[in-house]
Visitor: 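This is the structure I want to talk about, given as structure tokens.
Throughout, protein chains are lettered first and strands after them, A, B, ... in sequence-line order, and every chain is numbered starting at 1.
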4 protein chains.
Amino acid sequence: MVTEHRPGSSRRSERSRQAILGATRALIAEVGYAKLSIEAIASRAGVGKQTIYRWWPSKGAVVFDAILALSEQSPGEPVALPDTGDLEADLKQVVRATVAEFSDPAFDAPIRALTTELVHDAELAALYEKRVAAPVDEAKKERLRSAQRAGQLRADADLDLVLDLLYAPVFRRWLLRTGPLTAEFADAVVEATVRAFSPAAG
Amino acid sequence: MVTEHRPGSSRRSERSRQAILGATRALIAEVGYAKLSIEAIASRAGVGKQTIYRWWPSKGAVVFDAILALSEQSPGEPVALPDTGDLEADLKQVVRATVAEFSDPAFDAPIRALTTELVHDAELAALYEKRVAAPVDEAKKERLRSAQRAGQLRADADLDLVLDLLYAPVFRRWLLRTGPLTAEFADAVVEATVRAFSPAAG
Amino acid sequence: MVTEHRPGSSRRSERSRQAILGATRALIAEVGYAKLSIEAIASRAGVGKQTIYRWWPSKGAVVFDAILALSEQSPGEPVALPDTGDLEADLKQVVRATVAEFSDPAFDAPIRALTTELVHDAELAALYEKRVAAPVDEAKKERLRSAQRAGQLRADADLDLVLDLLYAPVFRRWLLRTGPLTAEFADAVVEATVRAFSPAAG
Amino acid sequence: MVTEHRPGSSRRSERSRQAILGATRALIAEVGYAKLSIEAIASRAGVGKQTIYRWWPSKGAVVFDAILALSEQSPGEPVALPDTGDLEADLKQVVRATVAEFSDPAFDAPIRALTTELVHDAELAALYEKRVAAPVDEAKKERLRSAQRAGQLRADADLDLVLDLLYAPVFRRWLLRTGPLTAEFADAVVEATVRAFSPAAG
DNA sequence: TCTTAACCGAGACGGTACGTCGGGTCTTCAC
DNA sequence: GTGAAGACCCGACGTACCGTCTCGGTTAAGA
């Protein structure tokens with residue numbers, strides 16, 4: 001993957017590809033990202049090293065695909081967020097979900113690994129933005145636009161900024177462990193953000 | 001360092017220590033964090049590898065000290081933030097300064113390196129929190145308390161939350177390159193945050 | 001080849017066969033025998049690897065055929081040696097020719113390669129003996145028998161021994177570079193051998 | 001070795017050196033020269049690969065040293081050949097000994113390996129000539145000179161030529177397996193050679 | 001004339017070994 | 001007596017080839 005993967009169009013072995021991605025996920029969980037080696041992935045997957053080097057340019061790219069293969073959206077199937085009409089309640093639900101995901105030990109190690117890759121590889125980061133983040137962000141913005149139409153959010157609010165205010169604090173507390181990452185914290189962030197962009201204010 | 005460094009109290013060679021930290025900084029800038037090696041540091045510093053292993057437990061710890069040695073506060077000398085009486089203006093000044101620092105190419109590579117270490121090493125992260133972040137955060141909170149006393153900020157505002165709202169968006173945009181990191185962005189974040197915790201609101 | 005090659009009797013592509021043998025000779029000359037690889041032969045010959053593996057059992061066998069294809073006798077056409085009636089002069093001529101062949105740089109590398117194969121592969125050596133050496137040796141012995149009839153050589157001389165005395169010193173000097181390989185040396189070897197088996201002596 | 005080995009003068013580990021040479025000899029006997037790998041030598045010797053690469057430039061050089069370490073003369077202790085006064089009998093004894101050595105399966109594989117190296121590496125061949133062959137040849141020539149003084153050998157005989165006639169046939173039969181390698185063959189070669197250079201003849 | 005099966009170029013695959021880099025430990029020697 | 005120098009064992013790197021195995025695409029027998 002990394003670039004598009006076209007099933008059936010090449011002689012690439014789908015069996016090997018899945019074995020590699022699976023072994024990569026297993027090893028990240030077992031030994032951590034820093035001690036992950038191509039050699040161990042190949043061995044665990046029952047695959048020659050060359051088969052990895054043939055299809056991925058770097059260890060980071062393998063990790064990237066291994067993790068994305070888990071969360072990849074079915075193409076064309078748009079992400080949908082709850083829209084009960086109550087913006088604050090809906091946002092609390094999704095931010096709490098994010099907090100819960102970050103708190104799940106099964107996700108922690110791989111996502112840290114992925115994040116490390118993105119920090120040091122701008123190209124990979126751009127690909128991640130395009131393939132994963134953008135669709136999700138668009139869904140979130142759509143919910144915010146719905147709130148704008150309902151008069152629950154300033155009409156002139158910069159939606160990228162709103163998303164930053166909502167998610168960056170959660171992301172940073174998780175990444176750097178600078179404070180407790182709880183549902184209460186999620187709620188407080190949402191409340192503050194909604195307040196900041198309330199039509200009544202200002 | 002990492003643990004306390006007591007100048008003069010041991011037989012440790014200060015000359016070697018400085019050479020190692022300097023070589024580390026130079027190499028991070030030259031070859032990047034990923035390709036930084038203890039051997040290269042020792043060779044560049046004109047030092048035996050053992051001299052590094054004797055005093056630091058890991059490569060991360062060396063990098064940590066190398067970067068901290070640059071920004072270390074003189075002990076006992078508290079950080080002071082501007083307090084003109086205008087909270088929003090004062091905050092814009094300090095957040096803009098943060099943005100400027102992140103935008104400086106000379107700081108970018110080493111800070112990314114340090115951040116990567118903190119992400120994967122909770123112990124180092126705690127030390128960083130204690131030695132670097134806490135004093136600065138305390139200074140920022142002091143400015144916020146001053147604003148509370150002046151009636152420019154809600155008296156019951158959770159100051160940790162306020163700091164998260166102020167700094168996390170900047171940090172995340174820098175780390176993941178998810179959007180432009182400009183003075184305008186800094187201003188917008190400050191305005192939104194101040195609005196969220198304005199005494200008039202809610 | 002190695003075993004018989006029957007042109008026309010199979011679907012084997014003569015074009016591919018020639019391309020493989022030619023590429024093998026070219027590569028032995030270019031990179032030497034030690035660095036010769038099947039992949040390189042296939043690539044140079046514009047041939048799939050399988051086509052080589054289909055028809056030859058080992059790299060040695062390909063090299064063997066590649067070199068033999070150069071020197072192969074037309075079947076049925078016996079080798080003939082000069083027979084002027086003067087044994088010593090005739091032998092000097094053929095041993096000098098052998099020395100000249102060994103001294104030709106174009107022959108040196110391939111013959112060393114072939115010799116290495118024969119040293120380590122008894123089966124190939126037997127085949128070489130049968131296909132190449134035996135006919136030539138028989139021609140040489142015929143000349144010696146002629147000399148016996150002419151009373152220039154002991155009637156009871158062991159002809160295999162005579163040939164060993166004549167050729168082994170030249171072969172060894174060439175292979176191990178233990179001394180100068182000149183026409184004078186060839187002459188000296190012939191003179192000593194003829195003397196050793198002179199009817200007058202003993 | 002290969003170049004001089006100066007015990008005690010460097011930090012080189014004699015224990016590792018001996019383990020490597022021993023493992024090399026064992027593996028040549030077990031799997032043959034063609035399948036001998038540096039990796040296997042290192043593993044068997046309980047040594048890092050780098051320790052081999054640090055001290056030897058090639059696999060051939062290791063093999064060379066491994067075999068030479070067996071036959072190396074004590075420096076200063078000259079080789080002595082039998083001198084009973086009967087040249088032919090004495091020569092038969094030493095050539096028979098050579099035949100016996102070649103026939104010993106324990107020597108066959110390693111000496112073939114060494115010979116292959118010498119064929120393809122002129123530098124190594126020169127070193128072998130200087131370190132091993134020359135002293136032995138000199139001893140043989142001394143015996144021949146003794147025979148010259150005793151009137152059993154032509155005074156003007158080229159001793160290098162005599163040695164070639166004596167040893168090359170044995171060497172070639174062994175290397176290429178072109179005929180039986182027996183004590184009778186050794187005797188016949190000696191008899192012919194002695195005859196060729198008999199003072200009475202010519 | 002039309003199958004049809006062997007042969008072909010191509011190259012992916014699971015592997016072994018290469019020669020190099022660097023990790024962290026341990027020893028030696030010069031200052 | 002410290003500390004630079006660097007040898008040591010080890011693990012992993014990324015590459016080259018090994019010999020096997022499909023893949024489609026000719027191509028030449030024989031039906």
Side-chain angles (χ1 to χ4, degrees), chain A residues 8 10-17 19-20 34-43 45-59, chain B residues 10-13 15-17 19-20 35-43 45-59, chain C residues 8 10-17 19-20 35-43 45-59, chain D residues 8-17 19-20 35-43 45-59:
Chain A
S10 79
R11 278 167 166 164
R12 179 170 186 180
S13 160
E14 182 63 18
R15 154 185 285 273
S16 292
R17 186 177 160 268
I20 289 163
K35 293 191 177 175
L36 181 65
S37 72
I38 296 280
E39 210 135 87
I41 295 172
S43 167
V47 140
K49 280 200 287 180
Q50 201 56 52
T51 301
I52 299 179
Y53 286 109
R54 182 149 41 224
W55 299 109
W56 288 274
S58 69
K59 188 176 78 169
Chain B
S10 78
R11 277 166 160 166
R12 178 170 189 179
S13 158
R15 155 186 281 274
S16 292
R17 188 178 160 269
I20 289 163
K35 294 191 176 174
L36 181 66
S37 73
I38 297 279
E39 293 219 332
I41 294 172
S43 167
V47 141
K49 281 201 288 179
Q50 198 55 43
T51 304
I52 298 180
Y53 285 110
R54 195 163 13 239
W55 299 108
W56 286 275
S58 68
K59 187 177 80 170
Chain C
S10 79
R11 278 165 155 173
R12 179 171 188 178
S13 159
E14 184 60 20
R15 155 184 282 273
S16 292
R17 186 177 160 270
I20 288 163
K35 292 192 177 173
L36 181 66
S37 73
I38 297 281
E39 293 221 333
I41 294 172
S43 168
V47 140
K49 282 199 289 177
Q50 197 56 45
T51 302
I52 298 180
Y53 285 109
R54 188 156 27 230
W55 300 107
W56 286 275
S58 69
K59 188 177 80 170
Chain D
S9 74
S10 80
R11 277 162 163 171
R12 179 170 189 178
S13 159
E14 183 61 20
R15 154 185 283 273
S16 292
R17 186 177 161 270
I20 288 163
K35 292 191 177 172
L36 181 66
S37 72
I38 297 280
E39 210 135 85
I41 294 172
S43 167
V47 140
K49 279 199 288 179
Q50 200 57 54
T51 301
I52 299 180
Y53 286 110
R54 184 153 32 230
W55 299 108
W56 287 274
S58 68
K59 189 177 79 170

Visitor: Would you kindly give the CD1-to-C1' distance between B:Ile41 and E:dG23, to the nearest whole Å?
Guide: 13 Å

Visitor: Go nucleotide by nucleotide along DNA chain E from the 5' end; which of D:Lys59 and A:Gly46 gets its closest nucleotide reached first?
Guide: A:Gly46

Visitor: Look at D:Ser16 and F:dA7 and indicate whether a side-chain polar atom (N or O) is within less than 4.0 Å of OP1 or OP2.
Guide: no

Visitor: Is B:Trp55 close enough to F:dG3 that one of its side-chain N or O atoms is under 4.0 Å from OP1 or OP2 there?
Guide: no

Visitor: Can you tell me if A:Arg54 touches the phosphate of E:dC13, counting only side-chain N or O atoms and a distance under 4.0 Å to OP1 or OP2?
Guide: yes

Visitor: Please report the shortest heavy-atom distance between A:Leu36 and A:Lys59, naming the atom on each side.
Guide: O-NZ, 3.1 Å

Visitor: Which nucleotide sits closest to the side chain of C:Ser37: E:dA12, E:dG24, F:dC17?
Guide: F:dC17

Visitor: Just how far, in rounded Å, is P of F:dT26 from CZ of C:Arg15?
Guide: 15 Å

Visitor: Flag yes if more than 12 heavy atoms outside A:Arg15 fall under 6.0 Å of its CZ atom; otherwise flag no.
Guide: no

Visitor: How many Å lie between CZ on C:Arg12 and P on E:dC7, as a whole number?
Guide: 10 Å

Visitor: Please state how far atom NZ in D:Lys49 lies from atom P in E:dG22, giving the value in whole angstrom units.
Guide: 16 Å

Visitor: Which nucleotide in the list F:dC10, F:dA5, E:dA12 gets nearest to the side chain of A:Arg11?
Guide: E:dA12

Visitor: Could you tell me the separation between the CZ atom of B:Arg17 and the C1' atom of F:dG3, rounded to a whole number of Å?
Guide: 17 Å

Visitor: Please give, in whole Å, the distance from E:dC7 C1' to C:Gln50 CD?
Guide: 11 Å

Visitor: Is the phosphate of F:dA4, meaning OP1 or OP2, less than 4.0 Å from a side-chain N or O of B:Thr51?
Guide: yes

Visitor: Are B:Trp55 and B:Arg17 packed together at the side-chain level, in the sense that at least one heavy-atom pair is separated by less than 4.5 angstrom?
Guide: no

Visitor: Could you tell me how far apart C:Ile20 (CD1) and E:dC7 (P) are, to the nearest whole angstrom?
Guide: 14 Å

Visitor: What integer distance in Å separates C:Ile52:CD1 from E:dA10:C1'?
Guide: 13 Å

Visitor: Name the residue closer to the 5' end of DNA chain F, choosing between A:Leu36 and B:Val47 according to the nucleotide with the nearest heavy atom.
Guide: B:Val47

Visitor: How many angstroms lie between atom CD1 of C:Ile20 and atom CD1 of C:Ile38, to the nearest 0.5 angstrom?
Guide: 9.0 Å

Visitor: Could you check which of E:dG23, F:dC9, F:dG14 has an atom nearest any side-chain atom of A:Tyr53?
Guide: F:dG14

Visitor: Tell me which of B:Ser58 and C:Ala45 sits closer to the 5' end of DNA chain E, going by the nucleotide each one is nearest to.
Guide: C:Ala45

Visitor: Taking atom types as they are modelled, is there a donor-acceptor pair under 3.5 Å from the base of E:dC18 to the side chain of D:Glu39?
Guide: no

Visitor: Check A:Ala45 against A:Ala19 and note the closest heavy-atom contact, atom names and distance.
Guide: CB-O, 3.5 Å

